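Each chain gets a letter, A, B and so on, in the order the sequences are listed, and its residues count up from 1. It should be emphasised that the depicted structure is a prediction, and the values quoted were computed from it without experimental measurement.
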2 protein chains.
Amino acid sequence: MSSSFPGPTAKRATILDVAAAAGVSRQTVTRAMNDMPGIKQETRERVQELARELGYTPSRYAKGLVQGARTSVGLAIPDLTNPYFPAFASSVVEMATLRGWNVVVDDFGHGSGSSLDAVERLSPQVDAVIGYLGPHAAEAQALLGRRPVVVLDEPSALTAGGISFDYPFAARLALERLAEIGRRRLAYLDAGPAWQLSARGAAVGRAADDLGIDLTVAHAEDSAEGARDAVGAMLAAYPGVDGLLVFNDLMAAGALKALAAGGRSVPGDCAVIGMDGIPLGMLLTPELTTLSLDLRDVGRAAVDLLDGLLTGALPPRSAGTHLTLRHELVIRASA
Amino acid sequence: MSSSFPGPTAKRATILDVAAAAGVSRQTVTRAMNDMPGIKQETRERVQELARELGYTPSRYAKGLVQGARTSVGLAIPDLTNPYFPAFASSVVEMATLRGWNVVVDDFGHGSGSSLDAVERLSPQVDAVIGYLGPHAAEAQALLGRRPVVVLDEPSALTAGGISFDYPFAARLALERLAEIGRRRLAYLDAGPAWQLSARGAAVGRAADDLGIDLTVAHAEDSAEGARDAVGAMLAAYPGVDGLLVFNDLMAAGALKALAAGGRSVPGDCAVIGMDGIPLGMLLTPELTTLSLDLRDVGRAAVDLLDGLLTGALPPRSAGTHLTLRHELVIRASA
DNA sequence: GTTTGTTTCGTGAACGTTCACGAGCTTGAT
DNA sequence: ATCAAGCTCGTGAACGTTCACGAAACAAAC
């Protein structure tokens with residue numbers, strides 16, 4: 001009944017310790033522990049009991065070494081604070097678990113550097129990486145050598161597998177909706193620095209041109225607070241805005257706050273459309289109209305793609321290593 | 001420049017392949033790859049280049065086997081959909097990374113069974129577990145044998161390390177606040193089935209008794225939707241309620257929706273206090289008053305505790321294996 | 001009582017890496 | 001020339017497990 005964790009001094013019990021204690025051989029212990037056939041029931045139980053008593057845990061390293069690698073994939077996530085990413089992570093974990101894979105999550109949000117740092121941390125322990133790597137996709141692939149990488153939302157990453165989103169399509173969907181409900185003075189709030197438009201921003205700009213719509217573009221830090229401040233400033237500079245499209249749902253939440261603070265009713269004075277389709281949108285006031293993505297689809301797509309790359313069914317740089325998903329417009333109260 | 005991922009057929013390149021290609025020995029390759037001293041700069045570069053070309057990646061299993069285990073801890077999370085948990089996970093990951101540990105996340109939310117299943121999946125690949133294991137804490141510890149477990153929010157789990165929260169204190173804080181702003185007809189919304197009060201619920205009940213406050217208790221499924229429906233029903237059965245304390249922030253968000261739908265103003269007609277202190281609260285309308293927990297503290301506490309258990313500095317079942325954290329009342333608009 | 005088959009168990013080898021130690025070579029000083 | 005000291009590099013051993021195979025032991029059938 002004594003119980004004490006094996007300190008750093010006390011070496012872990014090995015399979016030989018158990019074998020000796022039970023008066024049997026290694027192989028018999030292996031058979032007992034892994035429920036393999038060819039062993040008497042009584043022996044099996046005796047060995048298992050003894051193993052429990054000695055606190056024996058098979059070394060995953062030794063096991064992995066001899067059995068050939070269980071594939072384990074790294075998941076690099078920018079920011080677990082934005083509900084979108086945990087939802088995505090959850091989906092990937094689910095799909096990977098179905099395949100018997102093992103997922104190691106690393107988020108590089110809290111000031112702990114860039115996506116490259118995450119990949120660097122992940123590198124020694126995984127056979128592949130899935131992640132929102134942003135502009136560092138190519139370097140990440142270089143760092144991982146021949147191990148496959150699936151990059152989300154970065155179509156330029158040609159060396160790896162990629163999943164991107166049809167932003168022109170999504171932008172059109174949103175702008176048409178705003179036009180349809182009679183909005184003429186539209187604005188788009190992008191994430192990131194003012195001197196550089198995101199892929200989404202560029203698509204929105206082009207869609208506006210195509211549709212002959214006049215569009216004001218503002219920039220904010222990628223967070224609810226950033227969006228709130230930016231929209232506050234925008235309302236001062238461009239008071240007539242009556243339709244607002246926002247980079248993502250979290251920022252849209254911040255935008256709603258700023259609009260309320262500025263005395264604008266939503267959607268009366270200004271309609272708002274977000275992007276992501278996270279459950280948060282339904283909790284806001286008013287409920288958020290958004291360009292939604294089925295995250296289970298995204299996770300499934302990423303894992304499928306990686307599977308193809310890992311098994312070799314999908315040669316790198318071939319057609320099929322890159323696929324594009326489409327958003328769907330979910331209309332709720334805000335637009 | 002040819003690049004192709006090593007299929008399942010093509011065996012991985014080993015250290016011997018690199019050594020042969022470079023015309024050196026294993027050890028020299030090891031020295032080159034790990035930036036160890038005692039090797040000529042020129043050799044180092046030549047070997048590294050060759051390794052890159054052959055797509056050589058050191059086997060983490062072989063490395064782990066000989067170097068002794070890098071500790072890796074499993075994190076068992078009930079539901080990544082509730083923003084509280086990713087935030088907690090993020091905090092644990094951060095603290096663990098600081099120690100050079102490695103974190104494997106498993107969530108058992110999406111119908112994939114109980115916390116025990118998660119522990120079972122985690123068991124072969126981790127040296128310890130941190131998690132919200134609920135009632136299965138004891139079984140989990142049994143399953144993990146001598147490997148330490150840190151259980152969150154389950155004070156009865158005496159076999160393992162534990163972190164719990166001072167609910168009597170928190171309940172008092174909330175009820176006093178509601179009384180202070182003149183609320184007399186209070187209700188508490190618990191999570192879980194009607195026939196069983198949660199630990200939080202029990203503490204709230206006792207605090208109400210102590211303070212001589214009359215309190216109605218309702219039950220809902222642990223989700224925003226569950227809370228919305230339950231509060232809707234409550235408003236019909238108990239229309240006079242003017243102060244509401246809710247199991248957690250996500251459910252509080254649902255409660256706000258139901259109150260709005262029921263034509264109640266918040267906090268005018270009914271004040272609301274949540275519990276968790278997640279950022280979501282600030283995005284709601286009105287902003288949510290809540291019993292907040294500094295998640296970085298919780299993560300740090302869990303990792304510290306585990307560290308003590310792993311190193312043996314903290315004997316199991318001793319004082320100090322169980323510690324209690326306190327909530328803080330963050331007053332915003334809703335109460 | 002021999003043969004045949006089945007169940008139960010044990011032994012050498014291998015997985016891929018690092019560690020401890022020692023060997024060869026170069027350099028510089030005596 | 002000799003020795004010592006410092007680089008550079010290589011070899012046997014070990015890490016803990018499973019796999020492939022063979023050896024006992026036992027039961028069943030003739």
Side-chain angles (χ1 to χ4, degrees), chain A residues 6 8 10-48 50-51 54-72 123-127 145-147, chain B residues 6 8 10-48 50-51 54-72 123-127 145-147:
Chain A
K11 288 139 197 140
R12 280 168 49 128
T14 88
I15 201 174
L16 290 178
D17 299 327
V18 179
V24 298
S25 74
R26 293 166 312 184
Q27 184 62 18
T28 299
V29 177
T30 292
R31 282 190 269 252
M33 298 302 290
N34 299 11
D35 282 317
M36 305 171 73
I39 181 179
K40 216 187 322 186
Q41 186 56 23
E42 181 220 320
T43 322
R44 186 191 303 279
E45 283 165 8
R46 191 165 48 92
V47 170
Q48 286 178 346
L50 238 25
L54 295 179
Y56 165 69
T57 315
S59 153
R60 59 177 171 284
Y61 297 109
K63 188 176 283 199
L65 185 54
V66 59
Q67 285 186 327
R70 242 174 81 76
T71 57
S72 89
S123 174
Q125 27 175 240
V126 301
D127 307 302
R146 279 206 175 46
R147 289 173 290 173
Chain B
K11 289 137 198 140
R12 281 170 48 129
T14 88
I15 201 174
L16 290 177
D17 299 326
V18 180
V24 298
S25 73
R26 297 166 310 185
Q27 185 60 21
T28 299
V29 177
T30 293
R31 281 190 270 251
M33 299 299 292
N34 300 10
D35 283 317
M36 305 171 75
I39 181 178
K40 217 188 321 185
Q41 185 58 23
E42 181 219 319
T43 321
R44 184 190 304 277
E45 284 165 8
R46 190 163 50 90
V47 170
Q48 286 178 345
L50 240 23
L54 295 179
Y56 165 68
T57 315
S59 153
R60 59 177 172 284
Y61 297 109
K63 188 177 284 202
L65 185 53
V66 58
Q67 283 185 330
R70 242 174 80 77
T71 58
S72 89
S123 174
Q125 25 175 244
V126 302
D127 307 303
R146 280 209 174 45
R147 290 174 289 173

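- Every residue was checked against the side chain to side chain donor-acceptor pair (under 3.5 Å) condition with Thr30(B), not counting sequence neighbours, and none meets it.
- Here the side chains of Arg146(A) and Thr57(B) are not in contact, with every heavy-atom distance at 4.5 Å or above.
- Taking every heavy atom of both residues into account, Leu65(A) and Ser59(B) meet most closely at CD1-OG, 4.2 Å.
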* To do: Kindly indicate, with the supporting measurements, whether the criterion side chain to side chain contact (heavy atoms under 4.5 Å, CB included) is fulfilled by Asp35(A) and Gln48(A).
  => CA-CA 10 Å; Asp35(A) 282 317; Gln48(A) 286 178 346; 3.9 Å; yes
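- Side-chain contact between Asn34(A) and Lys63(A) is present, with heavy atoms from C-beta onward closer than 4.5 Å.
- Residues Asp17(A) and Tyr56(A) have side chains not in contact (no heavy-atom distance under 4.5 Å, counting atoms from C-beta outward).
- Remark on the helix from dG1(C)-dC30(D) to dT30(C)-dA1(D): inter-end axis angle 50°, axes from five-pair C1' superpositions, rounded to 10°.
- Scanning residues 22-32 of chain B for heavy-atom distances under 4.0 Å to DNA chain D yields Gly23(B), Val24(B), Ser25(B), Arg26(B), Gln27(B), Thr28(B), Arg31(B).
- Legend: residues meeting side chain to side chain donor-acceptor pair (under 3.5 Å) with Glu42(B), ordered by chain and number and at least two apart, are absent.
- Proximity of Ile15(B) to Pro58(B): side-chain heavy atoms (C-beta onward) are nowhere separated by under 4.5 Å.
- Residues from residues 36-48 of chain B lying near DNA chain D, meaning a heavy-atom separation below 4.0 Å, are Gly38(B), Ile39(B), Lys40(B), Thr43(B) in numerical order.
- Side-chain atoms of Ser123(A) and Arg147(A) include a donor-acceptor pair closer than 3.5 Å.
- Ion pairing between Asp127(B) and Arg60(A) holds under the 4.0 Å rule for side-chain N and carboxylate O.
- Here the side chains of Arg44(B) and Thr28(B) are not in contact, with every heavy-atom distance at 4.5 Å or above.
- The nucleotide range of DNA chain D contacted by chain B, defined by atoms under 4.0 angstrom from heavy atoms of the protein and reported 5' to 3', is dT8(D) to dG16(D).
- Each of Met33(A), Gln27(A), Arg26(A), Arg31(A) was scored for a side-chain contact (heavy atoms from CB on, under 4.5 Å) with Val29(A), with one residue passing: Met33(A).
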